[in-house]
Amino acid sequence: MRATSPLRSRCRALASAVGCLLLLAACDEAPDLVTADRVVLITVDTLRADHLGSYGGPPDATPHLDALAARGVRFEVAVAPTPLTMPSHATLMTGLDPPRHGVRDNATFRLGDSFATLAEQFRDAGLTTAAFVGSAVLDRQYGLAQGFEVYGDRMPVGVETVFAERSAELVVDEAIAWLGDAPERFFLWVHVYDPHHPYTPPPPFDVEYRLDPYQGEIAATDVQLGRLIAALDTRFAEGNLLLLTSDHGEALGAHGEGSHSYTIFEGTQRIPLLVAGAGVAVGATAGRMARLSDVGPTVLAAAGLAPLAETDGVDLGPWLRDPQRAPGEQPFAYLETLAGRFQHGWSPVLGLRGARYKLLRTPHAELYDLQVDPAESYDRADSHPELVGEMNRELAARLERGLPVRPNLEPGREEREALES
């Protein structure tokens, strides 16, 4: 037998020690490696963050969504890029802001087939994909169905609202029926439209919230989403990643706007983002600002899948695992609404939102310090010219990387009448 030299013995001992340290490190990192077998994304149309109990809203109005917040991570500040349903959902599904994916309004824009979507990424990785939506504004003709093997968008006949819609109860019924036979691995998107104007909550919420029917719609929606969450938990006890967010909020009279579409103040752009399930911390609040463009990179990473080829967002996974982690350098959230331009010939409203300051260009620059002026009542552009210049340059760079603003879909008569109304 060949004798082992002292040097070789020391090297082996060192290698063994290093191996133990690496093994221990791997054990410490194990929670980071948890991947989700199922991703369920719920979007509640027109949902302001501050109307959930977990965000300071009425404590008894949203018990199921508050329970979801308690079992996962709540992002204190989450921001939608537009106050419009189709463009914001296009951002959710592509990880790109509106100038990059090109969808700038409802009804007259379609997401191009060349854009990679979350559903396509999940489908190509072997997961089953399904979606159930609550409004014709997300009809398959607008391009979001690409990658979904099932796309439930059939609306009831004869519904007299701006866009044909169906209740959260019907949407959830359809989603629960699909879950009953769902495979082990899937991506499911469920969209409910009820909080959108007009506010007509069903009984008994119409009576209980007669003085605040918008909150009544949210309370009724909470009950239906509680059914969906319970059905998911019953069928699949582990391996689920569940996210709840919104496409935009509601102005409710602030800054002269009753509903949404024409301004990008906090009432319409501040939305909830709740995440719970596989690999996610429990009962915590993340201090980092989140954007809808971050959702795509986050869920793909959580499922252990390849990232989108292009994205304006980042993976929020580090803050899901460690919500107390320092926010780090936070990218600006891009904001826009071109609804006034298309419908009335007004100037576009563009903006950037940082962790503290928010720039609006209308077309002159306005700057708001959200830390001391959350109501956005005092324009501070004149007192911070350097910051305004920096944010204007960043906004110009974002727009320069974007596509030309060009509607690519001719709406039908009903859609045109809805827009004109």
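Side-chain atoms are counted along with the backbone in the values below, which use heavy atoms only and exclude waters and symmetry mates.
- Of the residues listed (Glu366, Glu376, Gln269), the one engaging Lys358 in a side-chain hydrogen bond (donor to acceptor under 3.5 Å, both in side chains) is Glu376, and it is the only one.
- Both the sub-6.0 Å distance and the 45° axial angle are not jointly satisfied by Arg341 relative to the ring of Trp346.
- Between Tyr199 and His197, the ring planes lie perpendicular to each other; the angle is over 60°, past the 30° to 60° tilted range.
- Ion pair Asp97/Arg100 not flagged as a salt bridge, since none of the NZ, NE, NH1 or NH2 atoms sits closer than 4.0 Å to an Asp/Glu carboxylate oxygen.
- Of the charged side-chain nitrogens involved, at least one lies within less than 4.0 Å of a carboxylate oxygen, so that Glu76 and Arg270 count as a salt-bridged pair.
- Ring orientation note: the planes of His384 and Tyr357 are tilted relative to one another, at an angle of 30° to 60°.
- Atom CZ of Arg154 has 12 or fewer neighbouring heavy atoms from other residues, nucleotides or ligands inside a 6.0 Å radius.
- Considering Trp189, Phe109, Tyr142 as possible partners of His89, the one that fulfils the ring-ring contact (aromatic ring centres under 6.0 Å, His included) test is Trp189.
- Judged by a 6.0 Å distance limit and a 45° cone about the ring axis, Arg123 is not positioned over the six-membered ring of Phe187.
- The aromatic rings of Tyr209 and Phe205 lie parallel to each other, their planes meeting at an angle below 30°, with 60° marking the opposite boundary.
- For the 3.5 Å distance criterion, the side chains of His260 and Thr46 fail to qualify, holding no donor opposite an acceptor.
- Salt-bridge check for Arg110 with Asp139: failed, with every basic side-chain N at 4.0 Å or more from each acidic carboxylate O.
- Tested against Leu292, the residues Thr43, Leu273, Ile271, Asp312 include a single side chain to side chain contact (heavy atoms under 4.5 Å, CB included) partner, Ile271.
- With sequence neighbours excluded, the residues that form a salt bridge (Lys or Arg N to Asp or Glu O under 4.0 Å) with Asp173 are Arg227.
- Nearest approach of Glu394 to Phe332, heavy atoms of both residues: CG-CD1, 3.9 Å.
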